[in-house]
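Residue numbering restarts at 1 for every chain, and letters A, B, ... go by the order of the sequence lines.
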2 protein chains.
Amino acid sequence: MSYDILKQHLKKHVDLSTADLDLISSYFKPASLKKKEFLLTQGSICKMEGFVLDGCFRVFTFDKKGNENTLYFATKDWWLMDIDSFMNQTPSDLNIQALEDSKVLLIDRQDKMALYELLPIVEKLFRIIFQKGLVSWQRRLVRNHSFTSKERYFHFIQTYPDISSKLMDKQIASYLGISHEFLSKIKKNKK
Amino acid sequence: MSYDILKQHLKKHVDLSTADLDLISSYFKPASLKKKEFLLTQGSICKMEGFVLDGCFRVFTFDKKGNENTLYFATKDWWLMDIDSFMNQTPSDLNIQALEDSKVLLIDRQDKMALYELLPIVEKLFRIIFQKGLVSWQRRLVRNHSFTSKERYFHFIQTYPDISSKLMDKQIASYLGISHEFLSKIKKNKK
DNA sequence: TTCCCCAGTTGAACTTGTTCAACTCTTTTG
DNA sequence: CAAAAGAGTTGAACAAGTTCAACTGGGGAA
């Protein structure tokens, strides 16, 4: 049953009863996306928060110069959303695109709010999820400042071997914040 | 009364009753730090979460090469902590230092946990605080990738004129992730 | 007050990373 | 299957940013 992946994920953060897990899960609806399909596009409002069951997504933004900037990749067990747009119903800065045929569980804003109201432990759950997320964004910033591009590249492929093997070098480069030509030269000089 | 600053801050995120605000505030103890004094040093365990009432702090880390890397500056209304170290009682990667004589409100881990238990709305409060924090870390990463150093510098001083005016250029450079010599050249060429 | 330390500036040489253009090799797509 | 589009590589010229060293000036401590 596909909801088991979600339930296992939630239990990692907070101790939840079976009844609670069932209730939370019941608010999420399964959906499938084909390769290259978008769950969210820049400028539109983020209506859904997603949890990846299978497949792979890229969360990215186009900057003023038209360059793509990848915030993160999401495979099984990762969340997908533009938090700001989802919570405040403002136009999103982000694009969320499936890199391969994928399965997700979705919850809309009203249901998420209802869930927060209905089950206070969900507040704790997401307090902890966001708290952990914040820590990893801080660490990523420090790495960006203190590592060279080469070090960042090898850190990435060593930390996420399963994700990086699915990706094109172009996509990895936009995650690392370097040009794909330069990534090609990094790979040539030390591999 | 110094607790008013905290109360006003909390009310911005969640609608709290006077009784709740009083109760939450009662868990925080005032403390003063002299210029250059540390609230936390790398390697030690973060025992206190802080809220700045007055003054200015720098949150930074030393990387392997011994370079300082500034995560953020905190003036009035900002939180101070190493979330990871505070929650999991693991050795901290961060240093938190007062840049001038400062006043803070502190809460220790046990009291924070007790507060979460006692008043479920505190979970919502910090869920929202962390959620907003996450959004700003994401935006900072995108700026780091899509802006040049010059653009990042002017964005910083325009966004935080009150903070940046208190800082030495060396500290701003370590926040931007560039050498202080190069910052000096940026300021010369376009001011 | 004096001394010294430290922040900031500047220049020169160097390293890192970008841009553009040409080429190859797969992968889609009609 | 053929054509076209996209992913990766390479080189050369360039731009961005670092490093090191020397110098300047101001502020704090004795």
Side-chain angles (χ1 to χ4, degrees), chain A residues 33-38 56 58 60 62-70 73 95 97-101 141-157 163-191, chain B residues 34-37 56 58 60 62-70 73 95 97-101 141-157 163-191:
Chain A
L33 284 97
K34 299 238 162 187
K35 184 172 179 172
K36 296 193 179 175
E37 205 175 330
F38 283 82
C56 187
R58 185 164 71 105
F60 67 101
F62 287 101
D63 63 29
K64 295 159 197 164
K65 295 156 196 157
N67 294 318
E68 291 184 12
N69 221 282
T70 299
F73 301 102
N95 301 282
Q97 186 181 28
L99 298 179
E100 55 187 45
D101 293 355
L141 184 107
V142 170
R143 280 197 304 275
N144 279 341
H145 282 180
S146 64
F147 285 14
T148 63
S149 296
K150 189 190 289 180
E151 289 168 332
R152 293 211 302 283
Y153 171 66
F154 286 107
H155 176 272
F156 178 67
I157 60 171
I163 298 184
S164 60
S165 62
K166 294 182 174 195
L167 301 172
M168 292 183 304
D169 284 351
K170 217 180 173 181
Q171 296 164 339
I172 295 178
S174 95
Y175 173 88
L176 298 174
I178 59 176
S179 66
H180 66 280
E181 293 96 331
F182 190 61
L183 176 54
S184 173
K185 285 162 195 173
I186 287 173
K187 292 177 73 176
K188 189 190 175 193
N189 294 336
K190 216 168 197 176
K191 199 173 188 178
Chain B
K34 300 237 160 185
K35 184 174 178 171
K36 296 191 179 176
E37 204 173 331
C56 187
R58 185 164 72 103
F60 66 101
F62 289 101
D63 62 30
K64 293 160 199 166
K65 296 156 195 158
N67 295 318
E68 291 185 13
N69 222 282
T70 300
F73 302 102
N95 301 282
Q97 186 180 27
L99 297 180
E100 56 187 46
D101 292 356
L141 183 106
V142 171
R143 281 197 304 275
N144 280 340
H145 281 179
S146 64
F147 285 15
T148 63
S149 297
K150 188 190 290 179
E151 289 168 332
R152 294 211 301 283
Y153 172 65
F154 286 107
H155 176 273
F156 177 67
I157 61 171
I163 298 184
S164 59
S165 61
K166 296 182 173 194
L167 301 172
M168 293 182 304
D169 284 351
K170 218 180 173 179
Q171 295 164 339
I172 295 179
S174 94
Y175 172 87
L176 298 174
I178 59 175
S179 66
H180 66 280
E181 293 97 330
F182 190 60
L183 176 55
S184 174
K185 286 162 195 173
I186 287 172
K187 292 176 72 176
K188 189 190 176 191
N189 295 336
K190 215 165 198 177
K191 198 176 187 174

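- Between the NZ atom of A:Lys65 and the C1' atom of C:dC20 there is a distance of 17 Å, given to the nearest Å.
- Separating the CG atom of B:Leu183 from the C1' atom of C:dG8 is a distance of 10 Å, rounded to the nearest angstrom.
- Counting to the nearest Å, the P atom of C:dT19 and the CD1 atom of A:Ile178 are 12 Å from each other.
- Here the closest non-hydrogen pair linking A:Leu183 and A:Ala173 is CD2-N, 3.8 Å.
- For B:Ser149, a side-chain nitrogen or oxygen approaches OP1 or OP2 of D:dG17 to under 4.0 Å.
- Put simply, CZ on A:Phe182 is 14 Å from C1' on D:dC14, counting in whole angstrom units.
- In this entry the distance linking NZ of A:Lys170 with C1' of C:dT18 reads 16 Å, nearest Å.
- Counting to the nearest Å, the P atom of D:dG17 and the CG atom of A:Asn144 are 14 Å from each other.
- B:Ser174 approaches B:Glu68 most closely through the heavy-atom pair CB-O, 3.7 Å.
- Close to D:dG11, at under 4.0 Å from its OP1 or OP2, lies a side-chain N or O of A:Lys188.
- Listed nucleotides: D:dT9, D:dG8, C:dG11. Nearest to the side chain of B:Lys185: C:dG11.
- Checked against C:dT18, D:dT9, C:dT9, the side chain of A:Ser184 finds its nearest nucleotide in D:dT9.
- In this structure, A:Glu181 atom CD and D:dA13 atom P are separated by 17 Å, rounded to whole Å.
- If you find the closest nucleotide of DNA chain C to A:Lys35 and to A:Thr148, the one lying nearer the 5' end belongs to A:Thr148.
- Summarising the local packing, NZ of B:Lys35 is surrounded by 12 or fewer heavy atoms from other residues, nucleotides or ligands at distances under 6.0 Å.
- Spacing between atom CD1 of B:Ile172 and atom C1' of C:dG8 amounts to 12 Å, rounded to whole angstrom units.
- With a 6.0 Å radius and a threshold of 12 heavy atoms from other residues, nucleotides or ligands, A:Lys36 has its NZ atom at or below the threshold.
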